[in-house]
Amino acid sequence: MTDRVVEGTGAGESFPLDFTAVEGNMDNFMTQIKNLAQSLYPCSAQKLDQDMRLHFLDNSSATCNDGSPAGYYIKESKGSKRWLIFLEGGWYCFNRQTCDTRYQTMRRFMSSLKWPRTRTGTGILSPQPEENPYWWNANMVFIPYCSSDAWSGASAKTDQSDYAFMGSVIIKEVVNELLTKGLDSAKVLLLAGSSAGGTGVLLNVDRVAEHLESRGQGEIQVRGLADSGWFLDNKQYRSTDCHSTISCDPTEAIRRGIRYWGSVVPESCRQTHIGEEWNCFFGYKVYPTLKSPVFVVQWLFDEAQLTVDNIHLTGHPVHEGQWRYIQNLGNELRNTLKDVPALFAPACLSHEVITRNYWMDIQVKGTSLPRALHCWDRASSPRRCPLRLIDSCPWPHCNPTCPTIRDQITGQEMSVIQFLKHMGFDVAKMAQQQGMDAGRLLGMLNNGN
């Protein structure tokens, strides 16, 4: 065999690869391969840096609650015209007392002073195709949540106010900066978020689309992905005072919050609910007013919803009244989702999913979430590619692909049957109501039917 020459495109270097050497000395050949790889390294160095890097906003007037600068993490993907902006979740606070408590106990959600320089993307933010088969190569942007206002506020910190609430302003400023980093030539911008970030998507997706249009970028297709942000303004299982974020009735917390935050809500929703703008924080009320396409991901038994409804599943078997309330919650949620065409709603007890590393494992009717999103993304025919995926089985965790449940005291994994028994589920009684024997019902539960 003769020498082969690989020409270096830039400096005109050449690297003779002597294949005859392979027969006698594998080490020598591997050294040659390493030399070649190192010569090509500058081209690929950018690809090897997988983490998102922190940038503080140039516009210093857009701040976190405590006045520290807001910012975003970014991993650019130069060849891609797809951008994913993710809004972090993390509850909210709605008056001086709850915000002071939050500042003492959850400061990273109110201040940027201790944010790490880099973040590793997981789930839909992962740069690994094995974990994120359809979006791994997109430009990834993660906006940390430090405004405590469900991404709705537009009020700066002043001498009279203790905190700034600038969630909606932060999103707008991040978009402005991204236009200088390649967003201006994007085809698709997916605004995604989980929990309070999912609510933030519903509140901001049309505003982002309008803002891009006003900047002469109307051809960018803006879409929303709201994960675990579709809350209900339902009646609590047990009414409590509004002393803390998690015990306060959701409607009352948002009513107080809107005034405290100086919130802005989507204009068409505001006009539908003049004087009652708090309605626009609840998915089933704001969704019908939106112009941008939005894909909704929602566990039918959402842990955050149960928490604000004063159902606490820690360590104690659930009473029959609570059990009925939990089942009823699933039915109520199903009803509010009936007109949502792009939907992934598993019958699981959980909260948040799109940035979890197990997000590919959950299925509804045999279709995974990444696959359903890909169908929606590509506007495929619903016959070949289902977009509206909602479990019809009636109990928490009746879907066998639900995330693992752990006993909150021992940390041990629980099977579906152990979990249902722990929750006070009477198999014999339920089987009788369904007109079948208990053994058959247990078999169905195990198989997730």
Side-chain angles (χ1 to χ4, degrees), residues 52 54-73 85-117 119 141-177 191 193-204 207-208 228-229 231 242-248 250 252-265 277-278 280-281 304 307-308 352:
M52 298 180 280
L54 176 60
H55 292 257
F56 289 109
L57 286 170
D58 292 339
N59 183 345
S60 58
S61 66
T63 72
C64 297
N65 292 129
D66 67 346
S68 58
Y72 58 96
Y73 291 83
I85 298 179
F86 179 83
L87 308 180
E88 188 183 24
W91 293 92
Y92 46 72
C93 56
F94 52 79
N95 58 18
R96 172 73 190 268
Q97 180 202 339
T98 55
C99 289
D100 284 351
T101 302
R102 183 177 173 89
Y103 193 68
Q104 294 310 317
T105 58
M106 300 170 70
R107 192 162 301 182
R108 79 171 186 87
F109 288 113
M110 299 183 79
S111 171
S112 64
L113 295 179
K114 293 198 172 168
W115 286 353
R117 303 301 302 169
R119 281 191 79 101
V141 178
F142 176 101
I143 315 184
Y145 181 38
C146 67
S147 55
S148 310
D149 55 4
W151 297 96
S152 70
S155 56
K157 190 172 188 284
T158 63
D159 294 340
Q160 286 76 45
S161 67
D162 304 294
Y163 299 109
F165 297 98
M166 305 193 79
S168 73
V169 178
I170 291 167
I171 295 171
K172 184 177 168 183
E173 288 304 323
V174 170
V175 169
N176 284 344
E177 282 199 20
L191 183 67
S194 294
S195 193
T199 306
V201 168
L202 298 169
L203 290 170
N204 288 282
R207 187 178 304 280
V208 168
S228 305
F231 292 105
C242 258
H243 293 315
S244 76
T245 300
I246 61 171
S247 68
C248 189
E252 185 54 35
I254 298 297
R255 277 181 202 265
R256 295 183 187 195
I258 276 192
R259 293 195 293 271
Y260 194 50
W261 305 327
S263 294
V264 287
V265 299
E277 288 84 0
W278 59 268
C280 299
F281 284 71
T307 298
V308 292
E352 302 191 355

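The shown structure was predicted, so the numbers you read here are calculated from the model rather than taken from an experiment.
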Exercise: identify the closest heavy-atom pair between Val201 and Gly193: CG2-N, 3.4 Å
When rounded to the nearest 0.5 angstrom, what distance separates CD in Glu173 from CG in Asn59? 4.0 Å
What is the minimum heavy-atom distance between Ala62 and Leu57, and which atoms define it? CB-CD1, 3.9 Å
Output yes when a side-chain donor or acceptor of Ser147 lies under 3.5 Å from a complementary backbone atom of Phe165, and no otherwise. no
To the nearest 0.5 Å, tell me how far Met52 CE sits from Tyr72 OH. 13.0 Å
Within the side chain of Thr63, is there an N or O that forms a donor-acceptor pair under 3.5 Å with the backbone of Ala70? no
What verdict does the side-chain contact (heavy atoms from CB on, under 4.5 Å) test give for Val175 and Ile85, after you've listed the backbone C-alpha separation in whole Å, the side-chain angles of each residue and the deciding distance to 0.1 Å? CA-CA 9 Å; Val175 169; Ile85 298 179; 4.1 Å; yes
Residue list, side chain to side chain donor-acceptor pair (under 3.5 Å) with Ser112, at least two apart or on another chain: Ser68
How close do Arg255 and Arg259 get, heavy atom to heavy atom, and via which atoms? O-NH1, 3.5 Å
Just by distance, no angles: are the side chains of Ser148 and Arg102 close enough, under 3.5 Å, to form a donor-acceptor pair? yes
Locate the shortest heavy-atom distance separating Cys242 from Arg256; write the atom from each residue and the value. CB-NH1, 3.5 Å
Residue pair Asp149 / Gly167: nearest heavy atoms and the distance that separates them: OD2-N, 2.8 Å
From Ser228 atom OG to Glu352 atom CD, the distance as rounded to the nearest 0.5 Å: 6.0 Å
By ring-ring contact (aromatic ring centres under 6.0 Å, His included) - contacts of Tyr145 (at least two apart): Trp151
Check ring-ring contact (aromatic ring centres under 6.0 Å, His included) between Phe142 and all other residues, then give those that pass, not counting sequence neighbours. Phe86
Ser263: which residues meet the side chain to side chain contact (heavy atoms under 4.5 Å, CB included) condition with it, sequence neighbours left out? Ser152, Ile258, Trp261, Phe281
Does Tyr163 have any ring-ring contact (aromatic ring centres under 6.0 Å, His included) partners at least two apart in sequence or in another chain, and if so, which? none
Once you round to the nearest 0.5 Å, how far does OH of Tyr92 lie from SG of Cys99? 11.5 Å
Could you check whether any side-chain N or O of Thr98 sits under 3.5 Å from a backbone N or O of Phe94, counting only pairs where one atom can act as donor and the other as acceptor? yes
Is it true that a side-chain atom of Glu177 and a backbone atom of Asp58 form a donor plus acceptor pair closer than 3.5 Å? yes
If you compare all heavy atoms of Gly89 against all heavy atoms of Ser195, which two are closest, and at what distance to 0.1 Å? CA-CB, 4.3 Å
One should read off an interatomic distance between Ile170 CD1 and Ile143 CD1, to the nearest 0.5 angstrom, of 8.0 Å
Distance, nearest 0.5 Å, that separates CD1 of Ile254 from SG of Cys280: 11.0 Å
Are the side chain of Arg207 and the backbone N or O of Val265 linked by a donor-acceptor pair below 3.5 Å? yes
Tell me, do Trp115 and Pro69 make a side-chain contact under 4.5 Å, heavy atoms counted? no
Contacts of Tyr103 meeting ring-ring contact (aromatic ring centres under 6.0 Å, His included) (sequence neighbours excluded), chain-then-number -> none
